Amino acid sequence: MNAEPDKTTTGDSPTPDRLLHAGSEGDFTAEDLVLASGRDVTPKNLAWAERRMAEKGRRASMDELLP
C-alpha cells in the first residue's frame with residue numbers, strides 16, 4: 001500500500017466514474033494480466049500472460065478474468 005494519500009479522491013466520497021476502470025476497454029500489458037489473475041509478477045507468469053494474449057487475443061484474455 002502507498003502511505004501517501006490519493007490526491008484524486010476526497011475523503012469518504014465515492015470515486016468518480018472517470019477514475020474507475022473495468023474490463024478491457026483500455027490498453028494493458030502482460031503484467032496487468034498477471035495481476036488481474038491474482039498471480040505474482042514473475043518471468044514465468046509474464047510468459048504465461050504473453051502466450052495467453054497471443055492465443056486468445058488481448059481483449060478476450062482480460063475479459064475472461066474480470067467480472
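Only a predicted model underlies this, so the values are computations on that prediction, with no experimental measurement involved. Note that these values count all heavy atoms, side chains included, but never hydrogens, waters or copies made by symmetry.
Distance check, rounded to the nearest 0.5 Å: NZ of Lys44 to CZ of Arg39 gives 9.0 Å.
Minimum heavy-atom separation, Phe28 to Arg59: CZ-N, 4.4 Å.
Shown here are the side chain to side chain contact (heavy atoms under 4.5 Å, CB included) partners of Glu50, two or more places apart in sequence or in another chain: Ala30.
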Determine all donor-acceptor pairs shorter than 3.5 Å in which one atom belongs to a side chain in residues 31-38; sequence neighbours excluded.
unit_1	atom_1	unit_2	atom_2	d
Asp32	OD2	Thr29	N	2.9
Asp32	OD2	Thr29	OG1	3.3
Ser37	OG	Val34	O	2.6

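A side chain to side chain contact (heavy atoms under 4.5 Å, CB included) with Ser61 is found for exactly one of Arg51, Arg52, Glu55, namely Arg52.
Without hydrogens or angle criteria, Asn45 side chain to Asp40 main chain gives a donor-acceptor distance under 3.5 Å.
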